[in-house]
Amino acid sequence: MKTVAAVMSALNKKGNPQRIQTFANHGAPKDTLFGVSVADMKVIARQIKGEQELALELYDTGNSDAMYLAGIVAGGKLMNKKQLGHWARNASWYMISEYSVPGVATESNHARDLGLKWITRKKELVASCGWNTLAGYITVTDDANLDIEEVNALLE
């Protein structure tokens with residue numbers, strides 16, 4: 001399972017119409033879903049872990065399940081600011097903007113800079129990416145390496 005078509009087929013097979021409706025009720029674009037559980041995605045993710053290019057291609061399908069899966073598979077340290085910005089701008093609902101993108105961005109060397117940039121954006125999902133990326137950055141960064149005045153200002 002190393003191609004986008006194969007992964008999309010596997011996701012489609014694991015889809016659930018009831019889950020599509022549940023996700024849609026929580027803001028997911030209904031026409032971009034198969035309705036795959038996170039548990040099923042993790043099984044698929046184990047099969048493609050480390051396939052960075054595949055993760056990027058999956059995100060670009062615009063399918064919410066594939067985008068979420070891409071966030072599990074992608075290595076943040078392998079992504080540049082442009083790629084991460086593309087992901088933030090194209091997040092289609094909160095599961096992507098609050099979990100997938102920030103999870104990957106937090107692993108990157110650009111977490112602080114992008115988080116600060118994204119929180120100023122008018123598009124709510126991008127701002128959400130920013131706040132969640134900053135939260136992740138603060139969580140994984142040693143206190144001695146944080147600008148505590150900056151963190152306090154953000155809390156204000």
Side-chain angles (χ1 to χ4, degrees), residues 1-12 14 23 27-29 32-34 36-155:
M1 181 187 323
K2 299 287 184 173
T3 68
V4 171
V7 174
M8 295 301 284
S9 177
L11 288 169
N12 191 22
K14 294 293 185 179
F23 290 164
T32 69
L33 285 169
F34 295 133
V36 181
S37 72
V38 174
D40 285 336
M41 280 192 210
K42 287 182 178 181
V43 171
I44 296 169
R46 281 193 291 275
Q47 297 172 34
I48 61 173
K49 194 68 177 171
E51 297 290 329
Q52 186 73 10
E53 286 304 313
L54 180 57
L56 297 175
E57 290 175 32
L58 287 168
Y59 196 89
D60 284 344
T61 66
N63 174 281
S64 293
D65 299 294
M67 294 168 83
Y68 193 89
L69 178 62
I72 297 171
V73 173
K77 291 206 178 293
L78 301 175
M79 293 182 72
N80 60 44
K81 285 183 177 182
K82 183 177 178 181
Q83 290 168 319
L84 291 164
H86 170 73
W87 278 32
R89 286 187 306 279
N90 289 284
S92 54
W93 69 300
Y94 84 90
M95 288 293 288
I96 309 300
S97 70
E98 294 181 11
Y99 298 100
S100 299
V101 177
V104 174
T106 296
E107 294 176 356
S108 79
N109 296 324
H110 314 291
R112 180 187 164 277
D113 293 343
L114 288 175
L116 290 171
K117 178 181 176 180
W118 293 340
I119 64 172
T120 66
R121 296 300 185 247
K122 290 181 181 174
K123 185 176 178 185
E124 185 177 331
L125 291 174
V126 176
S128 174
C129 285
W131 286 110
N132 284 283
T133 298
L134 286 172
Y137 168 76
I138 291 167
T139 301
V140 301
T141 302
D142 187 87
D143 288 353
N145 295 325
L146 290 173
D147 180 341
I148 299 302
E149 287 181 25
E150 179 181 71
V151 172
N152 286 332
L154 289 168
L155 291 172

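These numbers come from a predicted model, not from an experiment. When a residue number appears, it is its place in the shown sequence, counting from 1.
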Close side-chain approach of V7 to Q47, heavy-atom, < 4.5 Å: no

According to salt bridge (charged side-chain N to carboxylate O under 4.0 Å, His left out), who are the partners of E150, at least two apart in sequence or on a separate chain? R112

Over all atoms of both residues, closest heavy-atom pair of S108 and L84: OG-CD1, 3.6 Å

Partners passing ring pair (Phe, Tyr, Trp, His ring centres under 6.0 Å) against Y59 (at least two apart in sequence or in another chain): W87

Taking C-beta and beyond as the side chain, do L154 and I119 meet within less than 4.5 Å on heavy atoms? yes

Please report the interatomic distance CG(N152) to CG(L146), rounded to the nearest 0.5 Å. 10.5 Å

Nearest-0.5 Å distance that lies between atom CG in D143 and atom CD1 in I138: 10.0 Å

Closer than 3.5 angstrom, by distance alone: can the side chain of K42 be matched with the main-chain N or O of S37 as a donor-acceptor pair? no

Heavy-atom closest pair, residues G71 and V104: O-CG2, 3.4 Å

Minimum heavy-atom distance between I48 and V73, given as atom pair plus value: O-CG1, 3.5 Å

NZ of K14 to CE of M41: how many Å apart, nearest 0.5 Å? 12.0 Å

For E51, what residues pass the salt bridge (charged side-chain N to carboxylate O under 4.0 Å, His left out) criterion, not counting sequence neighbours? K2

Quick note, ring pair (Phe, Tyr, Trp, His ring centres under 6.0 Å) partners involving residues 111-136, not counting sequence neighbours, are none

Minimal heavy-atom distance between A74 and E107, with the atoms involved, is O-OE1, 3.8 Å

Backbone of P102 reached by a side-chain donor or acceptor of N132 within 3.5 Å: no

If only atom types and distance count, is the side chain of T61 paired as donor or acceptor with the main-chain N or O of L58 below 3.5 Å? yes

Atom CD of Q83 and atom CG of L78: how far apart are they, to the nearest 0.5 Å? 9.0 Å

Can you list, pair by pair, the side-chain donor-acceptor contacts under 3.5 Å of residues 91-100, counting residues two or more places apart and other chains?
unit_1 : atom_1 : unit_2 : atom_2 : d
S92    : OG     : S64    : OG     : 3.4
E98    : OE2    : S128   : OG     : 3.3

If the condition is side-chain contact (heavy atoms from CB on, under 4.5 Å), which residues does K81 pass it with, not counting sequence neighbours? H110, D113, L114

